[in-house]
Amino acid sequence: MTLDEILKEIKKAETIVILTHESPDGDAIGSSLAVKLMLNKIGKNADVIIPEYSRLFNFLPETNQIKDSSNVQNYDLAISVDCATLKRLAKSEYFENAKKTIVIDHHSSNEMYGDLNFVNPVSPACCEILAGMFSYYEFDITKEIGNCIMTGIITDTGGFQYRGINPETFEFTAELIRKGVDTCDIYKRTLRTKTKGNFELTRRVLDRMELLENGKVTFTYINSEDEKEVGAEPGDHEGLVEMGRDIEGVEVSIFVRQKEEQDAYKISLRSGKYVNVSDICLLFGGGGHPRAAGALIQGNLEQVKEKILKEVVKVLK
Ligand code: 5GP
Ligand code: MN
């Protein structure tokens, strides 16, 4: 059983590093910290390395322990959480140089790049997988760990609104509320709080939003210039893609964000009912979930727009 092997490797390791995907969201950060706190509880030290994340998550426990790099070159064990591919893993060199590697994730496009892989694509959040793992190991989930887990569940389900939520989602939630986890506070902090930068980007994104294909598709963008002008901070682009999908009749929302240094745009797709946006992103070397996915596409704005629209339109027909 993979879960038993994972615990065996954790117990054997003296130096452990926890890594997650670039532009980490609440599930990525919540998963990383939940694993760290649980390892600490069973007497293991672990480094969490996350080079950049939104300060909105600083309310979580142990964020002051998050490192952006480490002196240790060859960890005994590297654990990747919430990340489908090695390419997308931030600071992946620590994973590649580790003696043993474990991948814990919920993306169907996961490439099983660890020595041990525990991937459950029907789970709505990586944090929900962790809650299941901890209960299998009979580890007590403290309020602190619960705060991290709840953050992942709330952010990745958009506050329990997306497909993928299931009876266990609510069973874990109920259990965590009993432990004293304040779901209302987490909801407010993660889903209802806009930074100034995010607000300013929202204005621009809405102003530029085009309705295409008889109102079934929206397209909008931000350039590096916009981010500079509004003084955007890490994570300020989060959630901008959601706005297109909320418009009546829209099936696919496309949001692209310039990555100037790579001569490319990072695309984010969301779909309403039937388009599998993960399949579309896979065509461009990206991935994600059926209703939320992303990829990096080379080119200028016009070129990227044309490339992505072409594939979206094909699927719509
Ligand atoms: P977002 O649009 O919020 O950046 O990402 C939506 C979903 O797609 C997330 O689950 C995210 O992990 C995944 N995703 C975004 N960009 C990429 C990418 O370039 N490669 C892969 N494999 N997944 C991505
Ligand atoms: Mn996730």
Side-chain angles (χ1 to χ4, degrees), residues 19-35 50 52-54 57 80-90 92 103-113 118-131 148-158 162-165 169 190-191 198 201 205 218 220-222 234-245 252-259 262 264-271 275-298 304 308 312:
L19 304 165
T20 189
H21 62 80
E22 58 184 29
S23 292
D25 51 19
D27 194 29
I29 297 165
S31 296
S32 305
L33 294 171
V35 171
I50 303 178
E52 247 190 7
Y53 66 94
S54 164
F57 295 109
S80 157
V81 289
D82 194 39
C83 183
T85 66
L86 188 59
K87 203 174 91 192
R88 203 167 139 67
L89 193 66
S92 58
V103 169
I104 304 168
D105 186 31
H106 70 129
H107 292 88
S108 54
S109 54
N110 190 289
E111 288 176 0
M112 305 286 178
Y113 53 96
F118 192 66
V119 177
N120 179 2
V122 299
S123 191
C126 185
C127 276
E128 185 169 312
I129 299 180
L130 293 174
C148 301
I149 288 179
M150 210 56 242
T151 295
I153 291 180
I154 286 180
T155 54
D156 258 28
T157 64
Y162 300 143
R163 302 252 156 245
I165 54 164
T169 315
T190 59
L191 297 179
N198 178 265
L201 292 177
V205 155
T218 59
T220 190
Y221 66 93
I222 52 175
D236 275 352
H237 62 281
E238 285 287 326
L240 297 175
V241 65
E242 308 290 344
M243 275 167 300
R245 175 165 65 177
V252 180
S253 164
I254 309 170
F255 164 66
V256 308
R257 173 177 171 238
Q258 189 177 20
K259 290 271 186 178
Q262 287 158 286
Y265 278 79
K266 176 83 213 184
I267 61 164
S268 275
L269 297 187
R270 296 292 184 270
S271 65
V275 170
N276 187 326
V277 288
S278 178
D279 285 350
I280 296 175
C281 288
L282 277 170
L283 297 172
F284 297 102
H289 308 287
R291 304 283 170 264
L296 190 74
I297 303 184
Q298 301 295 321
V304 169
I308 186 65
V312 168

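The structure displayed is predicted, hence computed values, not measured ones. Start at 1 and go down the list; that is how both ligands and their atoms are numbered.
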Identity and distance of the protein heavy atom lying nearest atom 20 (N) of ligand 1: Arg88 CD, 3.3 Å
Atom name of the N, O or S atom in Asp156 that lies nearest to the Mn ion (ligand 2): OD2
Heavy atom of the protein closest to atom 19 (O) of ligand 1 (residue, atom name, distance): Lys266 NZ, 2.8 Å
Under 2.8 Å: N/O/S of His106 next to the Mn ion (ligand 2): yes
Among Ser23, Gly287, Gly286, Ala28, closest by any non-hydrogen atom to atom 24 (C) of ligand 1: Gly287
Minimum-distance atom from the Mn ion (ligand 2) among N, O or S atoms of Asp27: OD2
From the candidates His289, Arg270, Glu111, the one that places a heavy atom nearest atom 5 (O) of ligand 1: Arg270
Contact (N/O only, under 3.5 Å) between His21 and ligand 1: no
Where ligand 1 meets Ala295 - atom numbers and elements under 4.0 angstrom, heavy-atom basis: 16 (N), 19 (O)
Set of side-chain hydrogen bond (donor to acceptor under 3.5 Å, both in side chains) partners for Gln298, sequence neighbours left out: none
Residue Asp105, metal the Mn ion (ligand 2), N/O/S under 2.8 Å: no
From the candidates Ala84, Ser268, Cys83, the one that places a heavy atom nearest atom 4 (O) of ligand 1: Ser268
Parallel, tilted or perpendicular: ring planes of His289 versus His106, cut at 30 and 60 degrees: tilted
Under 2.8 Å: N/O/S of Asp82 next to the Mn ion (ligand 2): yes
Numbered atoms of ligand 1 (with element) below 4.0 Å of Gly288, judged on heavy atoms: 8 (O), 13 (C), 23 (N)
